[in-house]
2 protein chains.
Amino acid sequence: MKTKKEVTIYDIAQQLDISTATVSRALQNNPVINKNTRRKIQEAARELGYRQNTFASNLRKQKTNTIGIIVHELNSNFITSVLAGIEKVTADAGYDLLIAHSSESFKKETANVLNLFHKRVDGLIASLAFDTRGLDHFQSFFDKNIPVIFFDRVEEKADNTKVIIDNFKAGYQATKHLIEQGCKRIVIVTASLSRNVYAERLRGYKEALRERQIKFDENLVLIKDLSEKCGREAALQILQMKPRPDAAFITNDFSAAVCMQTLKEKGIRIPQDIAIVGFNNDAICKIIEPQLTTINYPGMDIGEMAARNLIAHLKGDTDIRQTNTIIAKSELIIRQSSLKKGKK
Amino acid sequence: MKTKKEVTIYDIAQQLDISTATVSRALQNNPVINKNTRRKIQEAARELGYRQNTFASNLRKQKTNTIGIIVHELNSNFITSVLAGIEKVTADAGYDLLIAHSSESFKKETANVLNLFHKRVDGLIASLAFDTRGLDHFQSFFDKNIPVIFFDRVEEKADNTKVIIDNFKAGYQATKHLIEQGCKRIVIVTASLSRNVYAERLRGYKEALRERQIKFDENLVLIKDLSEKCGREAALQILQMKPRPDAAFITNDFSAAVCMQTLKEKGIRIPQDIAIVGFNNDAICKIIEPQLTTINYPGMDIGEMAARNLIAHLKGDTDIRQTNTIIAKSELIIRQSSLKKGKK
DNA sequence: AGAAAAAATGCAACTGATTGCATAAAAATA
DNA sequence: TATTTTTATGCAATCAGTTGCATTTTTTCT
């Protein structure tokens, strides 16, 4: 069965015996066209089953009305809420989204950036992959002055607009909380320190220790990849440490859950023997036992802020070149896994 | 700072003093153009920083080389593996993906379908939202003969290509396993029976009961929405049933986990008092305690199959109108949560 | 060398919508 | 009624590639 031919503005123009210019303007609801004519044209369009050809339009307008999004993964509560936040804002402003995920691979991230560049997105919102170093692969965007906004995983030194939480403070709060529970030997499991979020969390951890005159012990810092395997490995390493640590701050809920479970299997009681704090406030926190103390990471807010900021740039309200760091509020959520001193 | 003008094939043509036709063909690596000329053109393109204008290309070719994807949610292991599977296949074939998620809302799904239609995706891969009824909102695609392939959540009666697992068998296996563990009063928690997957799982459940001469009890069927809240509610309902059930088959891992946790809080031992089986084999299964028996849902395979099939349609190898149901293999994965009779 | 076949390149129409500028029509003013 | 002003519409170029067909160039064969 042959596909019917597409209806174009030429068809509408012909049917109503007017010019395509008028049709085009009417369909955009341009007030320069007479109200009645506009209505007539819009009706005809509906009847004929007209759908505008985005390519022709984009081609001519040299704009896509599309925002590209690059994330490191899709399957986390945090990322999905960020996306929801972005969607909320962009939908209102009439922008479409093009979502690409890098699966934590720098190579794939580079490919995605290039792809979105070729697709000519009007702007970009990105969170970097695990092993991304530098921002050279975004150069094409910078060169063309296409606004890029980073969130969560950003390049700290770089001169860009970014939306983040205060990871230093989060690390500090988590650690301080553990110290207040009487913990002295606190393991921190985190990821590559060249990624801002992890470096900052560690800095906060150190500061909390310093403040309470607890000596920082290099051996208690485990640099991992925050995967499932990593949770298990961390648990085993903790078990071999002597003397045994009395707390662990694991900067990812999923890893923390796996770690906790492994420890439990080995007969460690949580929080009595080892108190645990995670990071992100994923759904899993409330399902495992004991429930996981964690840092709430306000994805929705972050997404909204990033999107709002980007749109402001696109409208020319602000200059993208002016560096801008937006800090979202995060907070410690205390649950059973860290409460050594009885119930809250 | 002004944005530099884009480089077009006209610029390349001018520089090399040849026609744009040749340039266009050379950039597509069309063998009809002399090898040396091709190389020369491609080099020039690279040097000038040419990037092809997808819109002009799409406009002329009347194809987008883009496949639309509609899913009900993003944050589940299952969906992310499906996406990975789709990506693997489509990337090779040179297609781009446009991913939209409906957040389980029919309204949003409808909007997404329309949007992808306007974006003129060459084909569609979709899993329906929770409350979707019928496929009328896909009519525009059907009318234009644009191939649509459904997976997981499909409309069973409809005449379309779909990739699913044998939900009947899965339900049957899960139930049979529980019966073999000595369970007699098995609760099944599932969702709206107008959604194929859930109806089939229930049918399998019934069949297993019938086979073992256990009377089907309407009251043991809980129709819910498989959310977090639902898990808790189910647990409370189970606790109030008299006599108390000795097993629960909860057709979603996350809900199962919440349910299990709630039961445990109320002093129920799992699996001794109540055995539990989930569905999907999400990461959570291995984190909760006891680990959750479940049905493995091979997302990656399903994604690959769907994509492969769609691409075959697009290439004209097969006729989209010929209905085609592809069944992926699923299997019961036995863990602690259901083992009443000692270790495996 | 000349004719035929094969290979390489070019011409120009085409895709569908947008928009600056010109013109026509209608309304307001003198 | 003639003239100016305002409002509405149309002309035609433009966006950047793609492709059927014609033409030119090169190679092969007799």
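Because the structure is a prediction, the values reported are computed rather than measured. Letters A, B, ... mirror the listed sequences (proteins, then strands); counts begin at 1.
- A salt bridge does not link B:Glu109 with B:Arg153: none of the charged nitrogens is closer than 4.0 Å to a carboxylate oxygen.
- Using a 4.0 Å heavy-atom criterion, one finds that A:Thr37 contacts the sugar-phosphate atoms exclusively.
- Across all strands, B:Arg51 comes closer than 4.0 Å only to sugar-phosphate atoms, never to a base (heavy-atom distances).
- Heavy atoms of B:Ser24 sit under 4.0 angstrom from at least one base atom.
- No hydrogens or angles considered: a donor-acceptor pair under 3.5 Å links the side chains of B:Thr64 and B:Asp122.
- An OP1 or OP2 oxygen of D:dG10 is reached within less than 4.0 angstrom by a side-chain nitrogen or oxygen of A:Thr22.
- The side chain of A:Arg60 sits closest to C:dT18 out of C:dT18, D:dG17, D:dT9.
- Relative to the side chain of B:Asn53, the nucleotides C:dG20, C:dG16, D:dG17 differ in distance, and D:dG17 lies closest.
- Summarising the geometry, the separation between CG on A:Asn30 and C1' on C:dT19 is reported as 10 Å, rounded to the nearest angstrom.
- In this structure, the CD atom of A:Gln14 is 15 Å from the C1' atom of C:dG16, given to the nearest Å.
- Nearest-nucleotide positions on DNA chain C for B:Lys35 and B:Ala56 put B:Lys35 closer to the 5' end.
- Under 4.0 angstrom from either OP1 or OP2 of D:dG17 there lies at least one side-chain N or O belonging to B:Tyr50.
- For B:Ser102 and B:Ser105, the side-chain atoms include no donor-acceptor pair closer than 3.5 Å.
- For the pair B:Gln62 CD and C:dA17 P, the interatomic distance rounds to 10 Å; values are reported in whole Å.
- The pair B:Glu155-B:Arg133 does not count as a salt bridge, with every side-chain nitrogen at least 4.0 angstrom from each carboxylate oxygen.
- Listed nucleotides: D:dG17, D:dG10, D:dT19. Nearest to the side chain of B:Ile9: D:dG17.
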(message) Quick one, B:Thr54 with B:Ser57, criterion side-chain hydrogen bond (donor to acceptor under 3.5 Å, both in side chains). Give me CA distance, side-chain angles, the key distance, then yes/no.
(response) CA-CA 5 Å; B:Thr54 333; B:Ser57 174; over 6 Å; no
(message) For a ring pair (Phe, Tyr, Trp, His ring centres under 6.0 Å) check, start with the C-alpha distance between B:Phe150 and B:Phe138, then their side-chain angles and the critical distance, and finish with the verdict.
(response) CA-CA 11 Å; B:Phe150 296 93; B:Phe138 287 94; 5.1 Å; yes
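- Remark: P of C:dA13 and CG of B:Leu59 are 17 Å apart, rounded to the nearest angstrom.
- A:His118 places its NE2 atom 11 Å from the P atom of D:dG17, with the value rounded to the nearest Å.
- One interatomic measurement links the two molecules: CG of A:Asn65 to C1' of C:dT18, which rounds to 14 Å at whole-angstrom precision.
- Phosphate proximity of D:dA16 to B:Gln52: absent, as no side-chain N or O sits under 4.0 Å from OP1 or OP2.
- Of the two residues near DNA chain D, A:Tyr10 and A:Val23, the one whose nearest nucleotide lies more 5' is A:Val23.
- In the set D:dG17, D:dC11, D:dT9, D:dC11 carries the atom at the smallest distance from any side-chain atom of A:Ala21.
- Under 3.5 Å, the side chain of B:Arg25 and the base of C:dG10 form at least one donor-acceptor pair of N or O atoms.
- The CD1-P distance, from B:Ile18 to D:dT24, rounds to 18 Å in whole Å.
- Within the 4.0 angstrom heavy-atom criterion, no nucleotide atom of any strand lies near A:Phe55.
- One finds a side-chain N or O of A:Ser57 lying less than 4.0 angstrom from the OP1 or OP2 phosphate oxygen of C:dT18.
- A close approach under 4.0 Å does not occur between any side-chain nitrogen or oxygen of B:Thr20 and OP1 or OP2 of D:dG17.
- In this structure, the nucleotide among C:dG10, C:dG16, D:dT9 sitting nearest to the side chain of A:Thr8 is C:dG16.
- Going from atom CD of A:Glu6 over to atom C1' of C:dG16 covers 11 Å, rounded to whole Å.
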